[in-house]
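Read through the structure below, which is laid out as structure tokens, and then see the notes.
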Amino acid sequence: MSGFRRPSWWALLLTAAGALLFIRLGIWQLHRADFKEALLRRYAASSTAPRQDFAKVAAAPPADSFPRVQVSGRYLADRLYLLDNPNHDSRGGVEVFAPFVLHGVLRDQSPLLLVDLGFLPGNGDGKTPQLPPLPTTEISLQGLYVPPPPTGFEMGGNALARQTRWPKNTIFLDPAEIARDLGRPLYPRMLALDADPASIYVRVHTLDFSSMPPARHRAYAFQWFTFALAAVVILLVVHRKRKPRKS
């Protein structure tokens, strides 16, 4: 270390604190990446998992898993909600959601189950695709009990309240807004129906981590670790002894 000057205590303290903070942030990003990858694996495995009793998971679903359930009841077929143009293809289209009244429910204020019917492709003309009619009799449905898609900031506030006819369009599916719109509470998750070759709907469900996928977490982790290394390098460069200039 003869080529370096002894750094002051505060320079060492600041460098150590900064490097430790950057390392901690990098480790946190790695943990987030591992957590999301584990969720994706569990989601993929859930499609072939045994069915669970919906009543046992309805109100308090497990945070780290996606139960496969079967329910019976009837659609509120005249109360459809359309998530406008989710990321499927360049032709556009809508993800269609319908409230579902569970079998045996008599009370008007009992929770409704929001059902994700799937993606209905558009024709590239910007118009809403023709929606096939839903059955009005009691039926049985099967799928994954999953969290609703992520929401964001919607310019102009609640778009559903300004629409007077169904189906209603929205760019973010906010369960709280739908519950207010229907005047009924919703279950904390929704039912993503199993794929059906006979259905016009495209049902390729996955968790939406498009804004922050596991790979991006790892890229941020690398960035934080780089900052930690840079802090140490800066300390060494600043305290390197300079050779005296020859006169």
Side-chain angles (χ1 to χ4, degrees), residues 39-83 86 88 93-121 128-149 160 166-170 173-208:
L39 282 182
L40 290 171
R41 288 193 297 270
R42 293 191 189 104
Y43 192 96
S46 297
S47 60
T48 56
R51 289 196 301 268
Q52 299 185 37
D53 182 2
F54 180 71
K56 294 182 178 180
V57 298
D64 59 349
S65 64
F66 312 96
R68 190 163 179 260
V69 299
Q70 184 171 354
V71 295
S72 297
R74 58 181 177 83
Y75 285 115
L76 295 182
D78 59 345
R79 295 291 187 268
L80 299 183
Y81 294 90
L82 310 180
L83 182 60
H88 278 264
V94 290
E95 192 88 12
V96 185
F97 299 84
F100 192 77
V101 182
L102 296 182
H103 173 75
V105 170
L106 299 177
R107 295 176 300 164
D108 289 340
Q109 291 305 311
S110 58
L112 297 171
L113 177 62
L114 195 62
V115 176
D116 183 356
L117 300 175
F119 177 70
L120 200 58
T128 300
Q130 185 68 33
L131 302 177
L134 289 176
T136 56
T137 56
E138 187 162 304
I139 58 172
S140 181
L141 302 177
Q142 185 171 284
L144 297 182
Y145 192 42
V146 300
L160 300 180
W166 280 270
K168 293 188 175 184
N169 288 273
T170 180
L173 191 79
D174 188 335
E177 290 182 358
I178 291 179
R180 286 194 296 270
D181 195 53
L182 293 169
R184 297 274 294 271
L186 297 179
Y187 283 102
R189 288 189 179 183
M190 64 184 188
L191 182 68
L193 295 181
D194 287 345
D196 181 0
S199 175
I200 191 174
Y201 291 100
V202 179
R203 293 172 181 160
V204 183
H205 301 295
T206 185
L207 296 178
D208 187 1

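Note that the coordinates shown come from a computational prediction; the quantities given were computed from them, not determined experimentally. Sequential numbering from 1 along the given sequence is applied to the chain's residues. Quick note: numbers below take in every heavy atom, side chains included, and nothing from hydrogens, waters or symmetry partners.
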Salt bridge or not between Asp181 and Arg79? Use side-chain N to carboxylate O under 4.0 Å.
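Result for this pair is no, no salt bridge flagged.
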Between [X] and [Y], is any pair of side-chain heavy atoms under 4.5 Å apart?
X: Val115; Y: Met190; value: no
X: Pro135; Y: Arg74; value: no
X: Leu134; Y: Leu117; value: yes
X: Leu160; Y: Tyr81; value: yes
X: Pro167; Y: Leu131; value: yes
X: Pro67; Y: Lys56; value: no
X: Ile178; Y: Leu112; value: no
X: Leu113; Y: Tyr187; value: yes

What's the separation between atom [atom1] in [X] and atom [atom2] in [Y], rounded to the nearest 0.5 Å?
X: Leu83; Y: Lys168; atom1: CG; atom2: NZ; result: 15.5 Å
X: Leu80; Y: Trp166; atom1: CG; atom2: CH2; result: 10.5 Å
X: Arg189; Y: Asp116; atom1: CZ; atom2: CG; result: 14.0 Å
X: Leu114; Y: Leu191; atom1: CG; atom2: CG; result: 9.5 Å
X: Gln142; Y: Arg51; atom1: CD; atom2: CZ; result: 4.5 Å

Atom of [X], atom of [Y] and distance for their closest heavy-atom approach:
X: Glu95; Y: Phe119; value: OE1-CB, 3.4 Å
X: Phe54; Y: Val69; value: CD1-CG2, 3.9 Å
X: Tyr75; Y: Ala98; value: CD2-CB, 3.8 Å
X: Ala179; Y: Pro185; value: CB-CA, 4.4 Å
X: Thr136; Y: Ala77; value: CG2-CB, 4.4 Å

Heavy atoms of other groups near Ile200 CD1, more than 12 under 6.0 Å:
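Not buried by this count: 12 neighbours or fewer within 6.0 Å.
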Given Tyr145 and Val71, is the side-chain contact (heavy atoms from CB on, under 4.5 Å) satisfied, shown in steps?
CA-CA 11 Å; Tyr145 192 42; Val71 295; over 6 Å; no
